[in-house]
There are 2 protein chains.
Amino acid sequence: MSLSIDRDKRQAADKPTLYKQIRLDIERRILTGEWPPGHRIPFEHELMARYGCARMTVSKALSELAQADLIERRRRAGTFVRRPQFLSAVLQIADIRAEITALGRSYGYQLIQCSRRAANAADRARLGVRKTGKVIAIACRHSADDVPFAIEDRLIDLDAVPEAATADFAIEPPGTWLLHHVPWTEAEHSISAIVADDRAAAALDIAIGAPCLVIDRHTWRSARTLTAVRLIYPGESHKLVARFKGG
Amino acid sequence: MSLSIDRDKRQAADKPTLYKQIRLDIERRILTGEWPPGHRIPFEHELMARYGCARMTVSKALSELAQADLIERRRRAGTFVRRPQFLSAVLQIADIRAEITALGRSYGYQLIQCSRRAANAADRARLGVRKTGKVIAIACRHSADDVPFAIEDRLIDLDAVPEAATADFAIEPPGTWLLHHVPWTEAEHSISAIVADDRAAAALDIAIGAPCLVIDRHTWRSARTLTAVRLIYPGESHKLVARFKGG
DNA sequence: GGTATCGATATGTCTATACATATAATCGTG
DNA sequence: CACGATTATATGTATAGACATATCGATACC
């Protein structure tokens, strides 16, 4: 009673289970435009009949498609193909030490400067806080195979992260320490390009005026600022790569 | 370019069902580091006992976490916490026209050059294809409120996207046309920084040597290259912003 | 016309059970 | 010991049935 299902011919990788066949079949119809955005997908009981299976099985296929944001399910109304999504990229950025070691290169770290002070006006502006308080200001450099990889300029709000007072940033990079000790709930990246000034050029061993990629990252826990960091990478040697799926 | 970003929104007012509670509970333990990468999550039968439910219920929770790449499940061995993606941002990138108009600014578009030709060696390398075939090469400029916003340099594989031959890229930007006519399954971004050469400087009305942000985007449908595009933005006036949640 | 109620309906969650399948661990044999 | 065969086990898929829940539409009421 089950009717034949077109199999994806370009990859015969894993064994097709029924719910995966259903998922791929629907996915194909959506991606080819046969079922355009807004189209109502057949009801679960219709799909049960079409594929000759139990409702839980089609439900599993549809749930995965919903989790992948390809379709939208509404009680009583039915299941619908979602509006075309914008390109959506998952940018995965490990901390720098993990990133370099993951590449199989040796990681080097030099603390350039680390001071503890009462937040001045510039610090407060950068952290986006109003009250005065204590901060730690850190400048350091990361290198891969002894070649400068990035320089880091960081402020940590000591009132929000009091444990940071006990950390030794001469040994462990602040980014790594924070990731392992401080849970965060929100972050914001701002990526831009600058040309190297004399300080950056000297630290990165590049020419003044060379292009650099800049990541400004601000991290919060429940609306409370934890840290603000600026990372400067040589722009020609470094790339941020994001690979993703969409439809 | 203020590529806008928000992260998933639909977790807020969910009534806690059992499987969701289980999922959130495990998610929390992973994100707080209580269960670090490589840690073996309790077996399904242990979780059944802990939460007092059927195996299908914990299985559903674990399956969703596996689909989100937070955990890895191996038959006979168990379920393990994956190497965390420390920072992961969902960048939602509209095509440039939609982006500019969404900002309430007027969109302008100028086609600089458009030609159809047999792919030369450089084209094939850029598209990552072996066979010779026809391509469309396009250069154009996007502006917001009559200020240059970005320049675009694009190749379209005509064998993969034959419909592109009928499009009029003097009227509609190629990115917009593609987004509306060609479904894609995979894409890759590479973000880097360069300094403006004379051509970019002239087109963007900036100084030669000024920093620029570059996005190289490659798009596939089922392992078939569709298009490769390089977008160059003035680096000081535009930023890629990603805001997201995490743990 | 406007509004409150209520029933029908599609999805959402959960259970208990069954068998399939991949593979870590063990056992047996040369 | 080395190595192939066997077994135990955790996950993977599938089922039928039950009840929950959101909500569209119609009906009744003001």
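Note that this is a predicted model, so its numbers are computed, not measured. By convention in this document, chain letters (A, B, ...) are assigned in the order of the sequence lines, proteins followed by strands, and residues within each chain are numbered from 1.
Rounded to whole angstrom, the span from the CG atom of B:Leu47 across to the P atom of D:dT11 amounts to 8 Å. The interatomic distance linking B:Arg23 (CZ) with C:dG12 (C1') rounds to 14 Å, in whole Å. Going from atom NE2 of A:His45 over to atom P of C:dA8 covers 16 Å, rounded to whole Å. Atom CZ in B:Arg40 sits about 14 Å away from atom P in D:dT9, given to the nearest Å. The interatomic distance linking A:Glu72 (CD) with D:dA22 (P) rounds to 16 Å, in whole Å. One interatomic measurement links the two molecules: CZ of B:Phe43 to P of D:dG12, which rounds to 13 Å at whole-angstrom precision. B:Glu44 places its CD atom 12 Å from the C1' atom of D:dT9, with the value rounded to the nearest Å. One can place CD of A:Glu46 at 14 Å from C1' of C:dT11, the figure rounded to the nearest angstrom.
Side-chain atoms of A:Glu64 and A:Tyr19 include a donor-acceptor pair closer than 3.5 Å. Judged by distance alone, the side chains of B:Asp157 and B:Thr225 never bring a donor and an acceptor atom under 3.5 Å apart. No hydrogens or angles considered: a donor-acceptor pair under 3.5 Å links the side chains of A:Thr227 and A:Arg154. No hydrogens or angles considered: a donor-acceptor pair under 3.5 Å links the side chains of B:Asp25 and B:Tyr51. For the 3.5 Å distance criterion, the side chains of A:His142 and A:Glu152 qualify, holding a donor opposite an acceptor.
Near DNA chain D, meaning a heavy atom under 4.0 Å from it, residues 55-67 of chain B has B:Arg55, B:Met56 in order of number.
With hydrogens and angles ignored, no donor-acceptor pair closer than 3.5 Å exists between the side chain of A:Arg74 and the base of C:dA10. Between the side chain of B:Arg76 and the base of C:dA24 there is at least one donor-acceptor pair of N/O atoms closer than 3.5 Å.
With a 4.5 Å cut-off on side-chain heavy atoms, B:Phe169 and B:Thr176 do not count as touching. Side-chain contact between A:Ile191 and A:Leu213: present, with at least one pair of heavy atoms (C-beta onward) separated by less than 4.5 Å. Side chains of B:Ile96 and B:Tyr233 form a contact here, defined as non-hydrogen atoms less than 4.5 Å apart.
Nearest nucleotide to the side chain of A:Arg75, out of C:dA10, C:dT15, C:dC14: C:dA10. When the nucleotides C:dT11, D:dA14, D:dT11 are ranked by their closest atom to the side chain of A:Leu18, D:dA14 comes out on top.
Heavy-atom distances to DNA chain C give each of A:Ile41 and B:Tyr19 a nearest nucleotide, and the one nearer the 5′ end belongs to A:Ile41.
Comment: B:Glu46 does not engage B:Arg50 in a salt bridge, judged by the lack of any side-chain N to carboxylate O separation of less than 4.0 angstrom.
In this model, the phosphate group of C:dG12 is approached by a side-chain N or O of A:Arg73 to a distance below 4.0 Å at OP1 or OP2. OP1 or OP2 of D:dT11 sits under 4.0 Å from a side-chain N or O of B:Thr79.
For A:Arg74 and A:Phe80, the positive end sits near the middle of the six-membered ring, less than 6.0 Å away and at most 45° from its axis.
At its two ends the helix from C:dG1-D:dC30 to C:dG30-D:dC1 runs along axes set 10° apart, each axis drawn from five pairs and the angle rounded to 10°.
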